[in-house]
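To start, the structure under review is shown below, and the notes come after it.
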Amino acid sequence: MTRLSWHPKAALAALLVGAAGAASALLAGCTGSAGPRSAESRSAVTVRVLVRDINIRPVGVDCAGTGAYTFFHNRAPYRIVDPAGEVLAAGELPPGTSVPTFEEDLEVERVPTYCEFAVPVEVAARGGYRLVVDDRTPIVLTRDDSEGPALVAVVPS
């Protein structure tokens with residue numbers, strides 16, 4: 001039977017070498033997961049979400065979602081993800097801005113409005129995009145370049 005001896009300095013050295021190896025593996029894993037994709041080119045787009053809250057208010061004022069959509073608000077956390085769930089952009093929503101529900105001039109100061117959130121982001125090209133706000137159900141974004149590069153959604157759809 002072989003007797004194993006324990007030496008404090010040797011144990012400490014082994015522990016430090018093991019910890020350094022584990023740290024290297026963790027760091028490699030973090031950068032490795034973004035490895036080839038980290039060099040991907042990104043394009044500036046605006047994520048535009050129109051929340052149909054149909055409030056009566058002046059056009060152009062700060063707003064937030066109401067009713068079932070109160071999670072749409074200034075500083076709500078968001079992520080833009082691809083179909084595989086990879087996070088392409090993340091941050092906090094800016095204040096929403098009220099936009100008119102109808103195109104015609106109703107000739108009154110307060111009109112039915114929706115709350116629009118516009119978030120400038122840079123994302124890599126993917127086959128699809130989804131918006132996740134406050135860890136809720138992902139919302140499918142559709143490309144619409146009619147007013148500049150944008151990914152858009154209407155909530156509820």
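Just so you know, residue 1 is the first one in the sequence shown, and it goes up from there.
- The same ILVMFWY cluster, assembled from side-chain heavy atoms under 4.5 Å apart, contains both Ile80 and Phe71.
- Across Pro94 and Asn74, no two heavy atoms sit closer than the pair C-OD1, 3.6 Å.
- A donor-acceptor distance shorter than 3.5 angstrom exists from the side chain of Arg42 to the backbone of Leu88, with no hydrogens or angles considered.
- For Phe72, the ring-ring contact (aromatic ring centres under 6.0 Å, His included) criterion is met by Phe117, not counting sequence neighbours.
- The OG1 atom of Thr66 sits 4.5 Å away from the CG atom of Asn55 when rounded to the nearest 0.5 Å.
- Shown here for Gly65 and Val51, the closest heavy-atom pair between the two residues is CA-CG1, 4.2 Å.
- Sorted by first and then second residue, the pairs that involve residues 49-150 and meet disulfide (SG to SG under 2.5 Å), not counting sequence neighbours, are Cys63-Cys115.
- To the nearest 0.5 Å, the span separating CZ on Arg130 from CG on Asp82 amounts to 7.5 Å.
- Every residue meeting the salt bridge (Lys or Arg N to Asp or Glu O under 4.0 Å) condition with Arg57, not counting sequence neighbours, appears here in chain and number order: Asp53.
- Tyr78 and Tyr69 fall within the same hydrophobic cluster, where Ile, Leu, Val, Met, Phe, Trp and Tyr residues are linked whenever their side-chain heavy atoms come under 4.5 Å apart, directly or through other members.
- Within the structure, the side chain to side chain donor-acceptor pair (under 3.5 Å) test picks out no pair touching residues 91-101 (sequence neighbours left out).
- In this structure, the side chains of Ile54 and Tyr114 come closer than 4.5 Å at one or more pairs of heavy atoms.
- For residues 93-115, no residue pair satisfies the salt bridge (charged side-chain N to carboxylate O under 4.0 Å, His left out) rule, not counting sequence neighbours.
- Hydrophobic clustering (side-chain heavy atoms under 4.5 Å, transitive across Ile, Leu, Val, Met, Phe, Trp, Tyr) groups Val119 together with Val123.
- Contact check for Val49 versus Leu131: side-chain heavy atoms found under the 4.5 Å cut-off.
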Kindly list each side-chain donor-acceptor pair under 3.5 angstrom involving residues 135-143, sequence neighbours excluded, with atom names and distances?
{"unit_1": "Asp135", "atom_1": "OD1", "unit_2": "Arg79", "atom_2": "NH1", "d": "2.7"}
{"unit_1": "Arg143", "atom_1": "NH1", "unit_2": "Asp145", "atom_2": "OD1", "d": "3.3"}

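- Considering only heavy atoms from C-beta on, Leu106 stays 4.5 Å or farther from Pro100 through its side chain.
- Contact record, Val59 with Val111: CG2-CG2, 3.6 Å, taken as the closest heavy-atom pair.
- Using a 4.5 Å cut-off between side-chain heavy atoms of Ile, Leu, Val, Met, Phe, Trp and Tyr, with links allowed through other members, Val121 and Leu151 fall into the same hydrophobic cluster.
- Transitive grouping of hydrophobic side chains (ILVMFWY, heavy atoms separated by less than 4.5 Å) brings Val133 and Tyr129 into a common cluster.
- Closest non-hydrogen pair, Pro83 versus Gly127, comes out as CG-C, 4.4 Å.
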